[in-house]
Amino acid sequence: MTSPLKTTAPVPVQYQQVAGQPVGGATAEPAPARAPKRPRLYVLDGLRLIAALGVLTWHWLGVERFPGIWHGLPSKLMPLGHLVGAYSWLGVELFFLISGFVICMSCWGRSLGDFVTSRVVRLFPAYWVCVLLTAAALMVVPKIWGDNTHRPTPSRILTNLSMANMPLGVDNIDPVYWTLWAELRFYILFGVLVAFGLTYRRVLAFCGIWGFMALIAGSANMPLLVTVFQPTYAWFFIAGIAIYLMYRYGQNLLLWGIVGFSWLISQDQMRGVVGGYEYGTRHHLSWTLTIAVTTCCFAVVAAAALGAFDRIQWKWLTVAGALTYPLYLLHQMIGWQLITRLSRRLAPYPTFFTAVAIMLLAAWLVHRLVERPLAPIMKRKMEAAFQQVRAAADAPAGRRR
């Protein structure tokens, strides 16, 4: 979810590369005027946690396909909680908006090697541990579904560790991992642009080209186009990128046009998405309410970029943002196992909040014991590897091994 989801920390403005001077020696273009220096957007860390908690609430309170989890239906046990949960899956769309914003911001002035390093370091350490923890929970703890369909095989676990299982047709260990494949496809597309160097014009062109390809992908009868250009979710990433350009250079009609067009197409795409979630809730979902929440997601990210929340400088939000990724990875399958046991001893709402507290603690432990110690080591190793690649490419032909 930056994923969902994991995103890199914003690059301070004073260290960002001046527009028109891309990495790699590309020809410079005239630099547009920069907006005044802005404080760090701590609110984005808070929004990421809200998005993760929204997805958690959907899986825990909105889904009614597995009544054994709560020993009853959430709509009967917690009517208000179920109403909130039935629409909180839209946290995924908020994740994608924020990802478009933050990935563009964190890549400005960096090389392709820097981009790849940041993504590997941010995504994989926590992911590997969470895959193994979830697999262990599914294999060791008695199932609540009454069959063995959720017991992962060793091959499935190993393939999931690659984070490339979905294009191979291998089921996710935890269903929430589907968003990681959406994020990876975005990273690959944006990485091509990073290789040429980010400039205002190039990023605008990227948004336009991606948007056009996403528009025609559905009607071209070419599954490859759908896979690469993601016509359903591309609009959230594109809007996030355009909103970042507003943050960096100031708003104008062109950028608002990109955001507005993305919203128009996204509301059309949501018509098909809602049906899938109705399968989980087992009742009708309001398209109007769905679009209202989607619009709020667009509005709150744009408001953050334009300074509406600049006064929010709560540094603890950085910690909240750090919990987002491991919480997202752990919450569904392990969370369901936790709930089905707690709910035998506690009332529904105390069960929910106790489970949330336990999962937040688990997410903090993953961050503290896995991400923080492993990230610097992996970063040094990745940077050394890319330095070796660059040195080999620059060496005279006769000196290469």
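Computed from heavy atoms alone, side chains included, the values below leave out hydrogens, waters and symmetry copies. Since this is a predicted model, take the numbers as computed values, not measurements.
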Shortest non-hydrogen contact between Ile241 and Gly100, atoms and distance: CG1-O, 3.5 Å

Could you label the plane-to-plane angle of the Tyr249 and Tyr200 rings as parallel, tilted or perpendicular, counting under 30° as parallel and over 60° as perpendicular? parallel

With sequence neighbours left out, what residues match Trp256 under side-chain hydrogen bond (donor to acceptor under 3.5 Å, both in side chains)? Gln251

Side chain of Asn160, backbone of Asp171: donor and acceptor closer than 3.5 Å? yes

Do you know which two heavy atoms are closest between Leu198 and Cys104, and how far apart they sit? CD1-O, 4.0 Å

Checking ring-ring contact (aromatic ring centres under 6.0 Å, His included) for the pair Trp314/Tyr42: CA distance, chi angles, key distance, verdict? CA-CA 7 Å; Trp314 307 331; Tyr42 285 97; 9.6 Å; no

Report the C-alpha distance between Phe95 and Thr179 in whole Å, list the side-chain angles of each, state the deciding distance to 0.1 Å, and finish with yes or no for side-chain contact (heavy atoms from CB on, under 4.5 Å). CA-CA 9 Å; Phe95 266 133; Thr179 59; over 6 Å; no

When you measure from the side chain of Arg185 to the backbone of Thr227, do you find a donor-acceptor pair of N or O atoms at a distance under 3.5 Å? yes

Taking CZ in Arg344 as the centre, count heavy atoms belonging to other residues, nucleotides or ligands within less than 6.0 Å. Is the count above 12? yes

Please tell me if the side chains of Val131 and Trp128 come closer than 4.5 Å, counting only heavy atoms from C-beta onward. no

Within the supplied structure, the quantity of interest is the number of heavy atoms (other residues, nucleotides, ligands) at a distance under 6.0 Å from Arg390 CZ; does it exceed 12? yes

Are the side chain of Asn165 and the backbone of Val170 linked by a donor-acceptor contact shorter than 3.5 Å? yes

Close side-chain approach of Tyr177 and Leu329, heavy atoms under 4.5 Å: yes

The test is ring-ring contact (aromatic ring centres under 6.0 Å, His included); show your working for Phe186 and Phe190 and say whether it passes. CA-CA 6 Å; Phe186 165 48; Phe190 203 72; 5.8 Å; yes

Looking only at non-hydrogen atoms, find the nearest pair between Thr281 and Glu64 and report the distance. O-OE1, 3.7 Å

Leu215 side chain reached by Pro231 side chain, heavy atoms, under 4.5 Å: no

Less than 6.0 angstrom separating the ring centers of Phe236 and Phe96, yes or no? no

Would Tyr325 and Leu123 count as a side-chain contact (heavy atoms from CB on, under 4.5 Å) here? Give the steps. CA-CA 8 Å; Tyr325 185 51; Leu123 293 179; 3.7 Å; yes

Nearest atoms (heavy-atom pairs only) where Met378 meets Pro125: SD-CG, 3.4 Å

Pair Gln267, Thr294: side-chain N/O donor-acceptor within cut-off below 3.5 Å: no

Strictly distance-based, threshold 3.5 Å: is any side-chain N or O of Arg151 a donor or acceptor partner for the main-chain N or O of Met139? yes

Flag for Glu278-His284: side-chain donor and acceptor within less than 3.5 Å: yes

How many angstroms lie between OG1 in Thr290 and CH2 in Trp287, if you round to the nearest 0.5 Å? 9.0 Å

Does a donor on one side chain and an acceptor on the other come within less than 3.5 Å for Asp114 and Thr117? no

Taking C-beta and beyond as the side chain, do Leu53 and Leu327 meet within less than 4.5 Å on heavy atoms? yes

To check you understand the geometry: which heavy-atom pair defines the closest contact between Arg156 and Asn172, and what is its length? NH2-O, 2.6 Å

I'd like to check Leu77 versus His71 (side-chain heavy atoms, cut-off strictly below 4.5 Å). Are they in contact? no

Side chain Ser88, main chain Leu56, donor-acceptor under 3.5 Å: no

State whether a side-chain donor-acceptor pair under 3.5 Å links Glu183 with Ser99. yes

Taking the six-membered ring for Trp, are the ring centroids of Trp70 and Tyr349 within less than 6.0 Å of each other? no

In this structure, are over 12 heavy atoms from other groups packed under 6.0 Å from Leu264 atom CG? yes

Hey, mind stepping through Lys379 and Arg122 against side-chain contact (heavy atoms from CB on, under 4.5 Å) and telling me if it holds? CA-CA 9 Å; Lys379 183 178 180 181; Arg122 294 291 184 177; over 6 Å; no

Which of parallel (below 30°), tilted (30 to 60°) and perpendicular (above 60°) describes Phe237 and Trp210? parallel

Taking C-beta and beyond as the side chain, do Trp336 and His331 meet within less than 4.5 Å on heavy atoms? no

Backbone N/O of Gly197 and side chain of Arg202: donor-acceptor pair under 3.5 Å: yes

With a 3.5 Å distance limit and no angle check, can you tell me whether His367 reaches the backbone of Leu323 through a side-chain donor-acceptor pair? no

Rounded at 0.5 Å granularity, tell me how far CE in Met333 sits from NE2 in His59. 10.0 Å

Given the options Met166, Arg119, Met163, Leu184 meets side chain to side chain contact (heavy atoms under 4.5 Å, CB included) only with Met163

Can you confirm whether Val176 sits close enough to Gln332 that some side-chain heavy atom of one is under 4.5 Å from a side-chain heavy atom of the other? yes

What heavy-atom pair brings Trp235 and Ala214 nearest, and what distance separates the two atoms? CZ2-CB, 3.8 Å

Decide if atom CZ of Phe261 counts as having more than 12 heavy atoms of other residues, nucleotides or ligands within a radius under 6.0 Å. no

Of Leu285, Leu90, Val63, the one forming a side chain to side chain contact (heavy atoms under 4.5 Å, CB included) with Tyr277 is Leu285

Does Leu49 form a side-chain contact (heavy atoms from CB on, under 4.5 Å) with Leu317? I'd like the steps, not just the answer. CA-CA 9 Å; Leu49 183 60; Leu317 286 175; over 6 Å; no

Does any non-hydrogen side-chain atom of Val356 lie less than 4.5 Å from one of Met359? no

